[in-house]
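Heads up: the structure comes next, in structure tokens.
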Number of protein chains: 2
Amino acid sequence: MALLDCFSPGGGSFRLTELARGAGLSKTTAFRLTGELVRLGLLERDGDTYRLGGRLFELGSLVPRRSSLRETAVPYLQDLFEATRETVHLGIRDDHDVVYVERIHGHGAVQLPSRIGGRLPLTCTGVGKALLAFSEGELVDEVLAAPLRRLTSYSIDDPVRLRTVIEQVQASGIAYEEQEAADGVSCIAAPVFAGRGIAVAAISLAVPRGRFRPAQLAPAVRTAALGLSRALREGL
Amino acid sequence: MALLDCFSPGGGSFRLTELARGAGLSKTTAFRLTGELVRLGLLERDGDTYRLGGRLFELGSLVPRRSSLRETAVPYLQDLFEATRETVHLGIRDDHDVVYVERIHGHGAVQLPSRIGGRLPLTCTGVGKALLAFSEGELVDEVLAAPLRRLTSYSIDDPVRLRTVIEQVQASGIAYEEQEAADGVSCIAAPVFAGRGIAVAAISLAVPRGRFRPAQLAPAVRTAALGLSRALREGL
DNA sequence: AAGAGCTGTTCCGCGTCATGGAACAAACTT
DNA sequence: AAGTTTGTTCCATGACGCGGAACAGCTCTT
């Protein structure tokens with residue numbers, strides 16, 4: 001795992017020595033372990049560089065919560081994309097982060113820090129705020145107690161201000177985010193419920209700041225989120 | 001890996017004893033190893049049952065070939081879905097199997113054996129035939145030499161017949177498949193090229209047999225495949 | 001009610017197998 | 001041509017993973 005974690009931020013490829021250093025192993029053991037990982041399909045070797053292996057992709061696609069959610073969500077994300085032609089996200093919460101499960105975009109999509117399987121702080125993203133606002137008990141307090149991470153100069157780092165934002169989300173059922181995750185792009189999100197009151201996922205639209213029209217986008221996002229919520233309830 | 005492989009066919013959840021048996025380990029070591037895997041996030045424990053962990057999803061999403069292909073392909077798959085409203089597949093080859101990388105479908109989608117990250121024999125699927133027809137040198141011979149697996153009663157198990165089918169695909173640039181992977185559903189596919197002549201992926205449409213109109217679907221599939229091919233070339 | 005068959009969990013002594021330093025060859029840079 | 005990388009092999013040492021045995025909690029059976 002120490003070796004595989006070297007790839008965690010953004011994939012890519014590494015040489016043996018880099019992996020050994022990154023994992024804190026001696027070159028000898030790194031050599032033997034990478035050989036083993038290649039044999040298992042978890043790593044692939046191309047000349048003298050290593051990258052993550054296809055086996056990981058297959059195993060990762062089998063993770064239950066993620067893959068079943070994704071499967072039933074796709075049609076609703078699809079509808080939302082067709083109605084708005086903007087980048088659609090589906091995310092879930094893990095600890096204090098949002099993990100993106102699906103992302104649908106058209107040809108000229110804006111560059112975003114979100115990536116399927118990627119993590120971002122709950123507090124900097126529309127999906128994160130929607131998840132946080134409808135999370136169990138003391139999570140909001142926990143998150144507000146920790147120092148708030150920032151991704152841009154617009155990211156909210158004041159716990160007091162963030163709390164009122166969260167309360168607005170709870171009242172309206174819609175979360176906004178304006179350039180807090182990436183410069184020049186705003187975001188509108190809605191929570192997805194499976195049972196009572198706590199969100200199991202959230203859907204968002206990421207829109208270039210120039211054409212951000214919340215009044216037109218909000219109903220579409222809500223509709224998608226409600227449709228998915230209903231589908232998840234019926235699926236059970 | 002022996003433990004993780006227990007989940008390989010279709011995910012789900014298992015108890016400790018099942019995992020020990022499935023992996024060929026003593027209950028004691030299975031206990032210790034599952035504990036370790038849970039600690040690493042590769043497994044999740046819920047009461048007395050285990051399932052694959054979120055970490056695997058994240059690592060799997062970082063696998064380079066898969067994720068970059070997927071990222072640039074999504075808009076084209078999107079277009080294809082909107083034009084046809086049928087289930088869209090994107091697959092690559094691994095050994096003698098096709099591995100599905102993306103799948104887009106609408107609300108009333110047909111039940112299919114294909115799943116993202118799932119494997120099916122090259123010879124039973126549209127995507128597989130397209131990949132096989134434009135693969136390197138001796139792969140066709142290799143595949144035809146091995147006994148041909150069957151998924152339905154329509155699956156081709158005669159090497160001679162399959163060879164002529166492959167040659168038709170090579171000539172036309174379009175692969176057909178009729179109920180060879182699942183009863184009641186047919187398929188039309190086109191190869192995606194990155195450089196010269198060998199396919200790096202393939203795009204397919206899966207259509208209920210009742211409304212399978214190849215003449216109307218073929219141009220759409222080819223257009224999507226050509227568009228993606230161009231995007232991959234320019235991306236490099 | 002009390003046993004029989006499960007489950008997951010802990011303990012522990014044996015023996016294996018992973019470890020990392022040292023030495024090596026090849027391919028770079030200087 | 002010397003020097004510093006790289007990946008690779010060898011090997012003695014000892015830590016640590018191994019599985020059998022024993023235990024505790026549970027559900028059924030009788």
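These numbers were taken from a predicted model, which means no experiment stands behind them.
Distance, B/Arg32 CZ to C/dG8 C1': 15 Å, rounded to whole Å. Protein atom CD of B/Glu36 is 15 Å distant from nucleotide atom P of C/dT9, rounded to whole Å. In this entry the distance linking CG of B/Asp48 with P of D/dT27 reads 11 Å, nearest Å. Rounding to whole angstrom units, CZ of residue B/Phe31 and C1' of D/dA21 are separated by 16 Å. Distance CG (B/Leu25) to C1' (D/dC18): 10 Å, rounded to an integer number of Å.
Between B/Glu102 and A/Arg70, at least one side-chain N (NZ, or NE/NH1/NH2) sits under 4.0 Å from a carboxylate O, which counts as a salt bridge. Using a 4.0 Å cut-off between a side-chain N of Lys or Arg and a carboxylate O of Asp or Glu, A/Arg55 and B/Asp94 do not qualify as a salt bridge. A salt bridge is defined here as a Lys NZ or Arg NE, NH1 or NH2 lying under 4.0 Å from an Asp or Glu carboxylate O, and B/Glu36 with B/Arg39 meets this definition.
In this structure, B/Glu180 and B/Ser155 approach most closely via the heavy-atom pair O-OG, 2.6 Å. Closest non-hydrogen pair, B/Pro75 versus A/Gly106, comes out as CG-O, 3.3 Å. In terms of heavy atoms, A/Lys27 sits closest to A/Leu16 at CG-CD2, 4.4 Å.
In this structure, of D/dG17, C/dC11, D/dT9, it is C/dC11 that holds the atom nearest to the side chain of B/Thr28. Among D/dC18, D/dT6, C/dT9, the nucleotide with an atom closest to any side-chain atom of A/Lys27 is D/dT6. Minimum atom distance to the side chain of A/Thr29 is reached by C/dG20, of the listed D/dT8, C/dG8, C/dG20.
Below 30°, between 30° and 60°, or above 60°: for B/Phe7 and B/Phe14 the angle between ring planes is above 60°, a perpendicular geometry. Ring geometry, B/Phe134 versus B/Phe193: the interplanar angle exceeds 60°, so the pair is classed perpendicular (tilted spans 30 to 60°).
Heavy-atom distances under 4.0 Å link DNA chain C to no residue of residues 1-23 of chain A.
Computed from C1' positions of five pairs at each end, the angle between the two local axes of the helix from C/dA1-D/dT30 to C/dT29-D/dA2 equals 30°, rounded to 10 degrees.
One N or O on the side chain of B/Gln179 and one on the backbone of B/Gly184 form a donor-acceptor pair closer than 3.5 Å.
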